[in-house]
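Residue numbers start from 1 in every chain, and the chains themselves are labelled A, B, ... in the order their sequence lines are given, proteins ahead of strands.
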Amino acid sequence: MKQYIEELLKNVCMQCMEQGLLRQESLPAFVVEAPRNKEHGDLATNLAMMLAKTERRPPRQIAQMLVDRLHGASPHVEKIEIAGAGFINFFLKHEAWHDVLHDIATAGDRFGSSQEGGGRRIIVEFVSANPTGPLHIGHGRGAALGDALARILSFVGYDVVREYYINDVGNQMQNLGKSLYLRYLQELGQQVDFPEGLYRGEYMVAIARDLVQQKGRGIMELPEHDAMRFCTTYAAEVILADIKHDLELFGVRFDTWFSERTLFDNGHVQELLAHFQETGLVYETEGALWFRTTQFGDEKDRVVVKEDGTTTYFASDIAYHKQKFDRGFVQAIDIWGADHHGYVPRLTAVLKALGYPENALHVILVQMVNLLRDGIPVAMSTRSGEFVTLRQVIEEVGTDAARFMFLTRRSDAQLDFDLEIAKKQNDENPVYYVQYAHARICSIIGYAAEKGIAPPSASTVSIDLLTEPEERDIIRKLAAFPEVVAGSARACEPHRISVYLMELVGQFHRYYNRYRVVTDDPALSSSRLYLMLGIRQVLRNGLQLLGVSAPEKM
RNA sequence: GCGCCUGUAGCUCAGCCGGAUAGAGCAACGGCCUUCUAAGCCGUGGGUCGGGGGUUCGAAUCCCUCCAGGCGCGCCA
């Protein structure tokens, strides 16, 4: 409907231009949107005000000119008004909205989807936590966001791959192996010093205990180097398996698990470094090899090969991102914790140096999560290993509540996650507000069936009976869903869908309390039931995109 | 010191590609269950949109500046 009005306006402007009534040759950026206030019509546009700038004429005068030519131009428009500073408000005929319910019935779980992505290949990389310890709440936020975003992007027609990048080489891996080895020795009764910088979480002790169970003293008898190596691989595997399990509990799926190690095994990092040297993108100083990132917008040059000859994480990351594009993705979306934000300019710089387009990489930074219990911060110290894991949070509050909590807020603002609130199964917790509406509708449909009223279909229903203003408002809201999804995809902001669902559900609950769906009038009941089906479908589709369940009973 | 993010009701947050009287939930107070789920609904109160300046017909939204909080700042990842 919105596009329809836009077309209408464009045509009228063209007319005016041809007749020399408008000076400009192209249209200014204008919007057609549903006004907040119903008195301002179903749809409104600021077109006249935008034109006023360049036309140097009063907006209302321009509006009048346009409106004169709009009258009778469309069978769907009831009336048109000029209001305020020069808004043009459209009041649509009731029937104009009816098609929406048919559209929903026809499209079903595809309602709201589109072909906007045109099958273009996008890779969404998220979580990518080092396999050195369990996931915590912050990873959960990134996981929820990445997963929802991937769902949304595929819904609007992109070919999306979800990837987890595993940092399985480097110092932290050495430290992991050492940590396990020492814990293992301790388990076997040896007195060992546990140096700073190692992973001293309880989970390592548990892994060591298992290791003893499986291998007894076997590892201890190996040469230390081999033992350490074994421990590294063993610990990483166990922890990664654990991470996978947590993510599964959290409803998060990955298509590919990309190992950093393979970048070395396949020679990608080495090749890339050689290439950089040939092209003069790197230089040597102070014993290290530096990339000229400053030439591409970064504030400092960055080390790719350290003084000791080993490569930095940055070097791997360059190779990794090049890999992404080599694999045919036209865009890479990375979801990072905000503490890595300083890293964006250098990676962008390198990709620029390699000749990739500006928007090839889109980094989304998710801000920190403060975990609270009853308003009091829960201590989260990684060093001591005393932290609340994502698993614990899921077990305590549930996947749906946790995901919804993350996905109701913008990612670029810090978030207070209060366990007690998330756990409450009441109206303090918006996820239940939304789910309850779904369950309620299911219940209504069940009740109707008991009364012998079958779910209506497009051919049997008489939508004309939906004459209440609330019904019309709900239909209008349903009509907006595809637009919300598209906007959410474009902005990479899943929370827009949550906010929309809460608004829709608010309208539904109000309607439910005021009107009965199943009445003595079969035709009316049937048409209201049709409306219910529409709401339920949109709720399902929306919740599906968020990865939150839509329970039939609560 | 420099950079990124944030500052909206008592609390948690939407709204931010400029648009019409600034929204929701919670908390507070008062109502609504013999009929489709009260995890719901209705009503009341609650705001210098961090402060100041600027651009504009119009600013919570854009620009500058200051203040406050968080995060980061050459060979850790």
When we call it a touch if two heavy atoms are under 4.0 Å apart, what does Asn46(A) touch: a base, just sugar-phosphate, or nothing?
base
List for me each residue that meets salt bridge (charged side-chain N to carboxylate O under 4.0 Å, His left out) alongside Glu6(A), sequence neighbours excluded, and say none if there are none.
none
Gap in Å between the two C1' atoms, one belonging to A22(B) and one to C49(B), rounded:
8 Å
Under 4.0 Å, counting only non-hydrogen atoms across every strand here, what does Arg516(A) touch: a base, just sugar-phosphate, or nothing?
base
Please assess Gln435(A) against Asp400(A) for the test side-chain hydrogen bond (donor to acceptor under 3.5 Å, both in side chains), listing each intermediate value before the final yes or no.
CA-CA 10 Å; Gln435(A) 290 184 321; Asp400(A) 285 344; 3.0 Å; yes
Base, sugar-phosphate, or nothing: which does Ala83(A) touch, judged by heavy atoms less than 4.0 Å apart?
base
Along RNA chain B (nearest heavy atom to each residue), the more 5'-positioned of Leu365(A) and Asn89(A):
Leu365(A)
Glycosidic conformation of C5(B), syn or anti, with 90° from 0 as the boundary?
anti
N/O donor-acceptor pair under 3.5 Å between Gln172(A) side chain and Asn167(A) backbone
yes
Report which part of the nucleic acid Asp520(A) touches: base, sugar-phosphate, or nothing (heavy-atom distance under 4.0 Å, all strands).
nothing
All ring-ring contact (aromatic ring centres under 6.0 Å, His included) counterparts of His509(A), not counting sequence neighbours:
Tyr433(A), Tyr436(A)
Can you see whether Phe194(A) has Arg200(A) sitting over its ring - NZ or CZ less than 6.0 Å from the centre and within 45° of the normal?
no
Reckon Val518(A) touches a base, only the sugar-phosphate, or nothing at all at heavy-atom distances under 4.0 Å?
base
Can you check whether Tyr433(A) stacks with the G25(B) base, using ring centres under 5.5 Å and planes within 30°?
no
Using the salt bridge (charged side-chain N to carboxylate O under 4.0 Å, His left out) criterion, which residues pair with Lys477(A)? Sequence neighbours excluded.
Glu503(A)
So what does Met502(A) hit on the nucleic acid, given a heavy-atom distance under 4.0 Å: a base, only sugar-phosphate, or nothing?
nothing
Taking C66(B) as the reference, what is the distance to G74(B) when you measure between their P atoms (whole Å, please)?
24 Å
How would you label the contact of Lys553(A) with the nucleic acid (heavy atoms, under 4.0 Å): base, sugar-phosphate, or nothing?
base
Mind checking the C1' distance from G18(B) to G58(B)? Whole angstroms is fine.
8 Å
Between C36(B) and C17(B) - C1' atom distance, rounded Å
44 Å
Could you run down the sub-3.5 Å N/O contacts of the protein with nucleotides 57-61 of chain B?
{"unit_1": "C57(B)", "atom_1": "N4", "unit_2": "Lys53(A)", "atom_2": "NZ", "d": "3.1"}
{"unit_1": "G58(B)", "atom_1": "O6", "unit_2": "Lys53(A)", "atom_2": "NZ", "d": "3.1"}

Scan Glu552(A) against the nucleic acid and name what it touches under 4.0 Å (heavy atoms): base, sugar-phosphate only, or nothing.
base
Check the angle between the aromatic planes of Phe258(A) and Tyr320(A) and answer parallel, tilted or perpendicular using the 30° and 60° thresholds.
tilted
Heavy atoms only, 4.0 Å cut-off, all strands: where does Tyr515(A) land among base, sugar-phosphate and nothing?
base
With sequence neighbours left out, what residues match Phe296(A) under ring-ring contact (aromatic ring centres under 6.0 Å, His included)?
none
Going 5' to 3' along nucleotides 66-73 of chain B, which nucleotides have protein heavy atoms under 4.0 Å from the base (write B), which only from the sugar-phosphate (write S), and which from neither (write -)?
---BSBSS
Go through the structure and list residues passing salt bridge (charged side-chain N to carboxylate O under 4.0 Å, His left out) with Arg472(A), not counting sequence neighbours.
Asp42(A)
Would you mind classifying the nucleic acid contact of Leu415(A) as base, sugar-phosphate or nothing, using non-hydrogen atoms under 4.0 angstrom?
sugar-phosphate
The criterion is ring-ring contact (aromatic ring centres under 6.0 Å, His included); which residues satisfy it with Phe264(A), sequence neighbours excluded?
none
Sorted by first residue and then second, give each salt bridge (Lys or Arg N to Asp or Glu O under 4.0 Å) pair with at least one member in residues 516-525 of chain A; sequence neighbours left out.
none
Describe the nucleic acid contact of Gln435(A) in one word from base, sugar-phosphate, nothing, applying a heavy-atom distance below 4.0 Å.
nothing
Strand-adjacent residues in residues 401-412 of chain A, judged by heavy atoms under 4.0 Å from RNA chain B:
Arg409(A), Arg410(A), Asp412(A)
Apply salt bridge (charged side-chain N to carboxylate O under 4.0 Å, His left out) to Asp242(A) and list each qualifying residue two or more places apart in sequence or on a separate chain.
Arg391(A)
Here the helical stems involving RNA chain B, each at least 3 consecutive Watson-Crick or G-U pairs closer than 3.5 Å, sorted by first residue number, are B:1-7 with B:67-73, B:10-13 with B:23-26, B:28-32 with B:40-44, B:50-54 with B:62-66
Same-atom distance (P) from C62(B) to A14(B), integer angstrom:
15 Å
